[in-house]
Structure formats: structure tokens, C-alpha cells
Amino acid sequence: MSRNVLLLPGDGIGPEIIEQAARLLEALNHRRSLGLQLSQARLGGSAYDAEGSPYPDSTAQAARNSDAILLGAVGGPRWADVERQLRPEQGLLNIRADLDLFANLRPALLFPQLANASSLKPELVAGLDILIVRELTGGIYFGEPRGIRTLPNGERQGYNTDVYSESEIRRIARVGFELAQKRGRRLCSVDKANVLDVTLLWREVVTEMAADYPDVELEHLYVDNAAMQLVIKPKQFDVILTGNLFGDILSDEAAMLTGSIGMLPSASMNESRQGLYEPCHGSAPDIAGQGIANPLATILSVAMMLRYSLNEADAADSIERAVSAALDEGLRTPDILTSDTTRVGTAEMADAVIRNLD
Ligand code: IPM
Ligand code: MG
């Protein structure tokens, strides 16, 4: 059975890291006869430049026909003046909505080899392993009405709507509970139920559902407290479940606890487990084209893709072991370099991972 994997290199460092991740994927494909067919399309600023839209029809067609998608990153200062509906980030929001990729998984896992890279004391983060489950196709990101209007007195007013229906809450909460069952069996739902009605409903629905998962310990935190707890005692968390906006913010915070956002993968999936996989970091235009970007977040995104969308858990494990082995060799891209390690570039880091595949 052949399966289609679509590569979307995107902007900035995206093409460089996707090139390396594709080499690794081809190596595994060959070695393990995975039967993956790779193809490529455009998303973001590069798509806007070439086809006039950040999510062109050609890309949408290819995306709908794929089993899994690997994305580099989108955006950059070059497109800062483009109107909002055509900005690179809009391409990302469009593909999420088009494929109904509501479940966003963002692990914040600290590799023991990098314990000194965190801005927190090593003892606070040693062994850190948090999974953020962020709702990705609803909430204030997509709620209507939205816009900027002019009031009768001539003043402009900007507005957005934070809205979640019960079914949207249920389907993401189910993902959170089920993943908690496979991990440390603790789920922390994050809301602002003391102020926002939309998250009061969120809390009620999640609480009701807990009865179906007696083996999972459920806790609720307000988002301000959750943000604080993440830097005071981050290891108290196992799975964090939250909506689109809070998940955006908390996932950046959690990522930084590990010291390098250059190490963190992510998955965005729909009900049929079709998924878009991408590194948590952005397009880093300041270092684009220099061959120094860390490819490991993208390589680890390939592992998530194999595990969640392609049912190839063994291949996924072998990538994660190979990444750890490359770090054990002391190889580091500049973002994770310390005085006792060896500086390498994007391609050399990927070479080391490919060499360590079993
Ligand atoms: C993310 C990013 C996106 C988001 C932007 C680029 C639209 O910050 O994936 O976290 O806000 O969701
Ligand atoms: Mg973000």
C-alpha cells in the first residue's frame, strides 16, 4: 500500500530543514520498505510570491490527497506589508481549517543531554516531559464576528469572538484524556472560567467527561496560574489540555523550558488521523540560507508523523533513538551549542541522525 506524504518547505529556514528531513525520510523509506510517495507543494510567503495565495488551490488539492504533511515554517518580514488575508500565516490557518486539523500536540520534552540549555535551574527541568494538547481550529482564532469597524463617533474598534461549541470541546478533550491514559494519567485542563463564559462551558464539559476516564486524574487551572506554575514547578504537569489562544501562548512557554525551541516537533491531526507535522519554531529569517538551522525539530516531527498518521511506530522510535545518539556524539547546531560540544551545521546534524538509524 503506498501512502502519500506531502512536503511543504515554506519560507525562511523551512526549505533547508525540510531538505534534510526528506533525506532522512527517504533513507527510512528505503531501509524499511515503508512505501511512502513524497511530493512537494508551496505554502506561505513562497506560495504567495509564486501563485498569489498563501494556500493556493494546487496545494489544497495535494494536501487533501495526502496521508500526512510535513511543513517547514512560514512567514518573514518580507511579507509584513501584504494584506492580512494573504499573509503567510493565513496559509497555515487556512490549511488547518481546510483539513479540520483540530488536535494539536506539542510535546515539551527535555533531552537529558541539553539540561543546561534551559533558562531554569537544571533540577527544575531534568526529566521534563509535558504534552500540550491545543485545540487548533476553533476559539478566538476563527470565531465570528470579527474585524475592525468604525463607530458612529469616527473611532475605530477591533473585535473578535471566542466561541466553542460542546462538540468541539468534547472532541479535543477526548484526545487529551486518551493521551493521558497512555502517559502519566494526569490531565490539566486550562481555562479562564472565572471570567470567560466560553471557558466556563469548557470546564463543565471536560468535568462531565472525566467520568468516562476514571483512570485519569483531572485538574483545572486558570491560564494565569498555569503560566506561573509552568515556570515554578514545570514537572507537576503531564498532559495540558487547552483552547487555541491559551495553547498558542503556553506552548511557547513550555517549549522554552527545554532550552531550545529548535528541538520541538508538533502534530496537528483531524478525526481520520490525517496530520500536518511541523517544528514548533518559526521560519527564522535571520539565519535563513546559512546552513546553520537546527533540523532536529523537523526530524522529530517526522517521527511523530510516522507514529500518529502512518502507523509506523518502530520507525518513529528509531528516529528518536538516532537523534539521541547524535546528541550523545556531542554534535550541536549553534542554537544548542555549549563549550564542551562540537558545532555542526544543518546537513551535518542530519547526517549524524541518518548514520545512527538502526
Ligand atoms: C503557532 C503559530 C501560529 C499560531 C501563527 C503563525 C499563525 O504561532 O503555530 O503557534 O498562532 O497558531
Ligand atoms: Mg505560536
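Atoms within a ligand are numbered from 1 in the order they appear, just like the ligands themselves.
- Side chains of T298 and P265 form no contact here, defined as non-hydrogen atoms less than 4.5 Å apart.
- Ranking the protein heavy atoms by distance from atom 11 (O) of ligand 1 puts Y141 OH, 2.5 Å first.
- Comparing R106, E278, R87, H281 by heavy-atom distance to atom 1 (C) of ligand 1, the nearest is R106.
- For atom 6 (C) of ligand 1, the nearest non-hydrogen atom of the protein is E89 CG, 3.7 Å.
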**Study point:** Test salt bridge (charged side-chain N to carboxylate O under 4.0 Å, His left out) applied to E312 and R32, step by step
**Key:** CA-CA 10 Å; E312 298 286 354; R32 292 176 175 255; over 6 Å; no
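- There is no side-chain donor-acceptor pair under 3.5 Å between Q61 and S58.
- When all heavy atoms of L99 and N270 are compared, the closest pair comes out as O-ND2, 2.9 Å.
- The protein heavy atom nearest to atom 10 (O) of ligand 1 is D248 OD1, 2.9 Å.
- Annotation: cation-pi geometry satisfied between R171 and F102 (NZ/CZ under 6.0 angstrom from ring centroid, within 45° of ring axis).
- Judged by distance alone, with hydrogens and angles left aside, the side-chain atoms of T199 form a donor-acceptor pair with the main-chain N or O of A193 at under 3.5 Å.
- Around atom CG of D57, no more than 12 heavy atoms belonging to other residues, nucleotides or ligands sit under 6.0 Å away.
- Of all protein N/O/S atoms, those lying under 2.8 Å from the Mg ion (ligand 2) come to 1.
- Of the possible polar contacts, one joining the N29 side chain to the L36 backbone as a donor-acceptor pair under 3.5 Å is found.
- For ligand 1, the atoms closer than 4.0 angstrom to any heavy atom of R134 are 1 (C), 4 (C), 9 (O), 10 (O), 11 (O), 12 (O).
- Between Q90 and ligand 1 there is no heavy-atom distance shorter than 4.0 Å.
- For the salt bridge (charged side-chain N to carboxylate O under 4.0 Å, His left out) condition, the pairs that include at least one residue of residues 69-80, sequence neighbours left out, are D49-R78.
- Close contacts between ligand 1 and R96 involve ligand atoms 1 (C), 4 (C), 9 (O), 12 (O) [criterion: under 4.0 Å to a heavy atom].
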